[in-house]
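Letters A, B, ... mirror the listed sequences (proteins, then strands); counts begin at 1.
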Amino acid sequence: MPIPLRYHFRSAVTRWRSTAATVLGIALVVFVYVAMQAMAAGIAGVGANTGDPDNLLVTRRGATSEGTSQITLEQLRILQHAPEIAREPGGAPLLSADLAMVINIPRITGEGNANAMVRGVSPRGRALRPQVGLVEGRWFEPGMREVVVSRRMARRFAGMGIGQSFKAGGNTLRVTGHFDGGKSAFDSEIWMDVDETRSMFDRANFSSLLLRPRDAAAAKAFAERLDMDKRLKLRAVPETEYYTKQTGSADTFKKLGGFLAAMMSVGAVFAAMNTLFAAVAARTREVGTLRVLGFRRHAILAGFMIEGTLLAFAGGVVGCSFAAGLAHLLTATGFSFGTFSPQTFSESVFELKVTPVLITGGLLFSLVVGAIGSLLPALRAARIPVISALRSL
Amino acid sequence: MTLHGFVVRNALRNRRRMLLTMLSVGASMFLLVTLLVALRELTNPPTGIGASLRIAVPSKVSLATELPARQRPILEKLPGVRAVTPLTWFGGRLNGEESFNLPQFGIDARYFREVFAEAILSEADWTAWMASRTACIAGKDVAERYKLKVGDRIRIQGDIYPVDLELTLAAVYGIDGAAAADSIFFHHEYFDEAMGNPGTVGMWWVLAESAEVVPGLIDRINATFANSSAEVRAETERAFQLGFISMLANLKLLIGSICAVVVFTLGLVTASTMSMAIRERFRELSILKAVGFRRRDLFAFILAESFGLSLAGGMLGAGAAVGLYSSPLVTKFSKGFFPIFEVTPQIIGTALFVAATLGILASLMPALSVMRLSVVEGLRALD
Amino acid sequence: MSSEALVQVRGLRKVYRQGEIDVAALAGIDLDIHAGEFLALMGPSGSGKSTLLHLIAGIDRPSAGSCHVGGVDVATLGQSELAGWRNRNVGFIFQSFNLIPVLSALENVEMPLLLTGLSHARRRELATLALDLVGLGDRARHLPRQLSGGQEQRVAIARALVTDPALVVADEPTGNLDSHSAQEVLGILGALNRDAGRTIIMVTHDPKAAASATRIVHLEKGELSP
């Protein structure tokens with residue numbers, strides 16, 4: 001590359017005002033892009049991070065979510081004796097029958113209501129989900145209308161402080177403790193005793209069964225046996241697999257992010273072009289001189305394209321840094337986002353997840369914007385006739 | 001030489017810059033308009049004609065919880081009630097299409113036209129629907145999107161409910177007003193049978209006799225079922241729709257923030273372009289001063305040019321949005337999430353206002369510095 | 001002085017199109033320039049002297065005729081070849097110095113060498129030598145804006161010399177200088193010609209500048225004056 005990089009770098013720095021504006025403009029476009037993708041990643045990440053791979057989740061065959069799945073007492077009675085299920089020292093099966101209910105409760109901000117997920121769990125439901133840990137207060141007492149709520153949910157909904165109460169339907173629930181779901185779907189849940197849930201909402205049935213098979217072979221055997229059972233019409237999948245399918249509105253955010261980035265980058269490309277055209281015009285005499293000295297057209301083309309692309313790349317770096325910085329800041333202050341998840345029909349809590357892949361994507365995006373924006377001005381520069389070295393402006 | 005003529009001639013001198021400035025303003029305003037329309041559609045559901053008379057009665061627990069069918073006769077006997085119909089969201093899949101984009105409802109067809117007065121359904125069509133248990137009607141937009149004709153068999157797979165529905169399309173309905181005709185309605189009785197008569201419904205829709213009785217009626221309905229095993233939360237249709245929207249609270253905030261970012265970025269970029277353009281013309285501006293134009297005139301020149309350019313760009317962008325969104329492109333692309341995407345005059349006005357204001361603000365600083373420029377300095381400012 | 005002229009111009013014509021009219025800037029020039037000459041091209045404005053210079057230096061193309069420099073007819077070279085030819089064979093000095101504003105004096109002088117295959121160290125060495133030659137060795141790190149007009153032009157001379165070209169070509173080198181700096185620059189050019197035997201072609205309208213040359217040629221309306 002004959003024309004030294006420092007020529008382009010220093011020229012850009014000399015016109016620092018327009019350089020800074022272009023860099024900042026592209027930085028903002030990249031920031032929006034990466035931030036939206038990070039939201040999508042955060043939403044999808046929750047699904048990917050939920051459950052214990054050793055557990056099996058049993059739901060109604062054909063149900064796409066626990067909320068629409070039903071498991072009767074009869075079915076529970078049959079299944080709880082399955083030989084494939086691991087047992088506690090005392091002989092009791094490691095199994096939890098749950099009831100997932102959606103309730104509509106007021107937000108802490110006072111701006112209306114939102115749906116939230118209540119999970120009634122059986123005694124072993126806590127042990128089967130080791131990623132859920134109590135962080136404050138105490139666990140609920142069986143037989144009481146007490147709940148433990150995710151720490152994140154407590155910050156979003158009214159009446160969820162420890163010792164406070166909120167109403168679901170006509171029933172009052174008292175919050176006794178907060179738990180941390182370990183960045184999983186459980187972070188969007190409210191837990192209580194399953195029998196209390198059933199009586200409160202007048203439900204005879206459960207939604208799902210969570211169980212721990214003895215070993216991998218037992219898991220396989222159990223799932224296969226259940227598949228072939230025409231009477232029960234249930235199916236068992238590894239718990240992690242079940243939640244991975246609940247991508248929520250990740251796709252929507254991805255598409256939205258892509259659309260926004262594309263639109264904003266159109267404006268950014270035109271603006272970058274404008275800046276570079278002005279730069280080329282101001283350096284007509286220089287470019288002419290370079291040609292007199294013997295530098296070829298393609299060297300000039302390449303040089304200006306590199307100048308423009310590096311400018312955009314700088315913008316990309318700044319934008320990605322903004323996004324990563326924001327994500328870090330939000331995580332550190334415990335702030336989380338919430339969005340409506342169509343699968344659970346309730347609020348799903350998530351964090352911004354800025355991954356190396358995302359950052360690479362953002363940087364590549366800035367390079368593309370830079371390349372497109374600098375092409376025409378670079379071509380213009382390459383076509384400056386040699387004689388321009390001798391003409392004044 | 002008029003100010004107007006000079007400004008125009010000047011702007012045209014560097015055609016490329018003028019074009020690029022207009023295009024970048026245009027692109028940003030197009031985006032702004034798009035975002036504002038989306039925001040408006042999300043926060044402002046269209047009001048049907050009969051909306052003011054309709055009362056939504058879902059379970060107090062949540063919309064996902066069912067209500068017992070035995071509540072119906074109680075509701076019907078309440079004073080002020082003209083008609084009651086169940087409405088159950090089936091939430092199944094048609095041709096693999098997610099239900100969010102294709103609502104399917106079980107309803108009591110006898111009261112359909114009364115309760116949903118804005119539906120356009122001829123007597124003959126309604127009779128055809130009533131004639132068969134498995135008949136259904138589909139909205140005009142749905143029929144277009146999925147190329148459905150009267151007589152077609154429609155199979156809806158159950159996702160929420162463990163049954164599939166086998167329906168025949170009896171008629172297509174339209175909507176009188178701004179709302180979209182985007183749903184499929186089938187007979188609730190057929191659904192009940194398929195489910196083995198569980199005796200539940202998703203929610204009730206109640207038609208009040210007049211607008212005056214509505215508030216009292218809402219209170220009465222809530223009180224009637226209070227402390228029962230199936231409490232309800234009756235509210236006006238408007239409140240019900242807004243409740244949905246409040247679930248999307250974060251989305252509004254998100255869109256609002258992005259609008260702010262877009263406007264800020266555009267302002268930044270425009271300001272930079274303007275300064276560049278003006279600095280390049282220091283020399284000739286000084287000559288103008290030497291020739292006798294007053295500072296105020298120069299100030300006006302610069303502001304006028306920037307204002308005009310930005311406004312033109314704004315009109316370009318807003319115009320493109322109006323043109324593009326007059327076709328059902330967004331509805332198709334968003335798979336029905338935005339059944340309507342209307343660019344209102346207010347939104348156009350807002351975009352133009354933003355563009356023009358940015359144009360003025362962006363050139364303010366450079367214009368002021370030009371005003372302070374002495375003739376000699378300017379003439380010396382060659383390269 | 002060799003018998004073969006270094007520069008042989010035969011029937012050189014240059015026609016410009018201005019709107020709808022053809023303007024003949026050069027109307028058939030025949031000229032020989034020998035190695036070691038310091039030639040001044042003089043004439044009123046519009047006489048074609050600059051045009052002739054541009055054609056010889058290979059930064060413009062003639063409409064007709066030939067121009068052999070060191071045996072090569074530059075009129076027949078392609079754009080890219082011409083660029084390389086210029087880099088190796090011509091050192092150009094402009095009226096407005098034309099230094100790259102963001103590069104230091106030394107970096108400016110080094111520029112032509114970037115197109116050769118020389119190593120970084122060797123380039124620095126040659127550039128420093130050239131800068132020393134014009135007496136600005138201590139200003140190597142200065143930017144053009146930190147130099148006076150005369151100093152800038154001296155840097156430009158160093159740049160013109162650094163590839164050891166066959167021809168040094170100067171287009172009104174003292175036009176933008178005060179009389180003291182002009183004297184300095186002309187002195188250097190004269191010394192380069194006398195002591196180093198460099199071939200210099202200079203366009204000027206100033207008779208005092210022309211006095212430094214060994215030969216003066218006049219142009220008027222695109223033709224050589226007898």
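- In this structure, chain C has heavy atoms under 4.5 Å from both the backbone and the side chain of A:S11.
- Interface check for chain C: of the options A:T14, A:V386, A:V292, the most heavy-atom pairs under 4.5 Å are formed by A:V292.
- Of the atoms belonging to C:I59, heavy atoms from both backbone and side chain fall under 4.5 Å from chain A.
- Ring-plane geometry between A:F253 and A:F350 is classed as perpendicular, the angle between the planes exceeding 60 degrees on a 0 to 90 degree scale with a lower cut at 30.
- Residue contact with chain C, scored on non-hydrogen atoms closer than 4.5 Å, is absent for A:R283.
- Using a 4.5 Å cut-off between heavy atoms, C:N98 contacts chain A through both its backbone and its side chain.
- The most heavy-atom pairs under 4.5 Å with chain C, out of A:R296, A:E286, A:R6, come from A:R296.
- Salt-bridge formation is detected for the pair C:E107/A:R10: a Lys NZ or Arg NE/NH1/NH2 atom is positioned less than 4.0 Å from an Asp or Glu carboxylate oxygen.
- Checked for salt-bridge contact, C:R159 and C:E110 miss the test: no charged N lies under 4.0 Å from a carboxylate O.
- Listed options C:D60, C:I100, C:T163, C:L99 were ranked by heavy-atom pairs under 4.5 angstrom with chain A; first place goes to C:I100.
- Contacts between C:S104 and chain A at a heavy-atom distance below 4.5 Å involve the backbone alone (N, CA, C, O).
- No part of A:F9 comes within reach of chain C, as not one of its non-hydrogen atoms sits under 4.5 angstrom from that chain.
- Not less than 6.0 angstrom separates the ring centroid of A:F31 from the ring centroid of A:Y33.
- Side-chain contact check for C:R154 versus C:I188: some heavy-atom pair is nearer than 4.5 Å.
- Using a 4.5 Å cut-off between heavy atoms, C:Q95 does not touch chain A at all.
- Between C:I93 and C:L189, the closest side-chain pair of non-hydrogen atoms falls below 4.5 Å.
- Salt-bridge check for C:K49 with C:D171: failed, with every basic side-chain N at 4.0 Å or more from each acidic carboxylate O.
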